[in-house]
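Reviewing the structure listed below.
If you're wondering where the values come from, they're calculated on a predicted model, not measured in any experiment. Numbers for residues simply follow the sequence, beginning at 1.
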Amino acid sequence: MDLSINEGTLVVTGGPGDSPSTAIVNKKTPRGLSAAGAELMLLEKWFGKRGTDWTLNRQELQQRDNRTYDVYQVVLSDGTTRGLYFDVTEWLSRLG
């Protein structure tokens, strides 16, 4: 999926992000946008406006099998809870 915004294009691959094995992988972020910023942008694209359509219940980094995941738990306006996994291993290695 590619999302074009003013400062460039956000490129993500992977699956639906409902588990580590289907994690969303951030391949490219627009200039000046952090991985977390890109993840929040995707959450708004998928779920709507934060604070109205969904709220962030929890966000944490998890290590599994030599991979690093940014894990979000969001609560949708209908009360449904969703967990999403973003594999940030490659993104973090580019910072190094």
Side-chain angles (χ1 to χ4, degrees):
M1 171 194 311
D2 294 357
L3 294 175
S4 294
I5 61 173
N6 292 340
E7 298 297 321
T9 302
L10 171 63
V11 179
V12 297
T13 61
D18 55 350
S19 71
S21 64
T22 64
I24 301 154
V25 181
N26 184 348
K27 290 293 192 182
K28 179 181 174 190
T29 56
R31 185 172 20 125
L33 190 63
S34 68
E39 292 160 1
L40 290 170
M41 190 171 80
L42 286 170
L43 292 174
E44 288 204 343
K45 171 84 172 151
W46 293 327
F47 300 128
K49 186 175 179 179
R50 183 177 180 178
T52 302
D53 300 313
W54 63 276
T55 57
L56 180 61
N57 190 37
R58 184 178 62 204
Q59 176 187 6
E60 64 184 356
L61 282 178
Q62 292 183 1
Q63 296 282 329
R64 294 182 185 201
D65 301 322
N66 297 319
R67 308 292 300 172
T68 303
Y69 300 95
D70 206 355
V71 183
Y72 288 80
Q73 185 182 66
V74 300
V75 180
L76 305 179
S77 59
D78 67 0
T80 305
T81 301
R82 295 277 313 269
L84 290 168
Y85 290 80
F86 291 87
D87 185 336
V88 294
T89 308
E90 290 177 28
W91 192 87
L92 290 172
S93 71
R94 290 193 300 260
L95 293 179

Which atom pairs, one a donor and one an acceptor, fall under 3.5 Å between side chains of residues 48-57 and the rest of the protein, sequence neighbours left out?
unit_1, atom_1, unit_2, atom_2, d
D53, OD2, K49, N, 2.7
W54, NE1, G48, O, 2.8
N57, ND2, Q73, OE1, 2.4

L40 with L76, same ILVMFWY side-chain cluster at under 4.5 Å:
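Same cluster: L40 reaches L76 through Ile, Leu, Val, Met, Phe, Trp or Tyr contacts under 4.5 Å.
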
So if you build clusters from Ile, Leu, Val, Met, Phe, Trp, Tyr with side-chain heavy-atom gaps below 4.5 Å, do M41 and L43 land together?
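Per the 4.5 Å side-chain linkage, M41 and L43 are co-clustered.
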
Check each of L84, V71, D70 against Q59 using the side-chain contact (heavy atoms from CB on, under 4.5 Å) test, and report the only one that passes.
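In the set L84, V71, D70, the residue that makes a side-chain contact (heavy atoms from CB on, under 4.5 Å) with Q59 is D70.
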
Find the distance between [atom1] ([X]) and [atom2] ([Y]) and round it off to the nearest 0.5 Å.
X	Y	atom1	atom2	result
R82	D18	CZ	CG	7.5 Å
R67	L92	CZ	CG	10.0 Å
T68	D87	OG1	CG	7.5 Å

List for me each residue that meets side chain to side chain contact (heavy atoms under 4.5 Å, CB included) alongside D65, sequence neighbours excluded, and say none if there are none.
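Side chain to side chain contact (heavy atoms under 4.5 Å, CB included) check on D65 returns nothing, list empty.
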
Just grab all the ring pair (Phe, Tyr, Trp, His ring centres under 6.0 Å) pairs involving residues 62-85, residues at least two apart or on different chains.
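Sorted result for residues 62-85: Y72-F86.
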
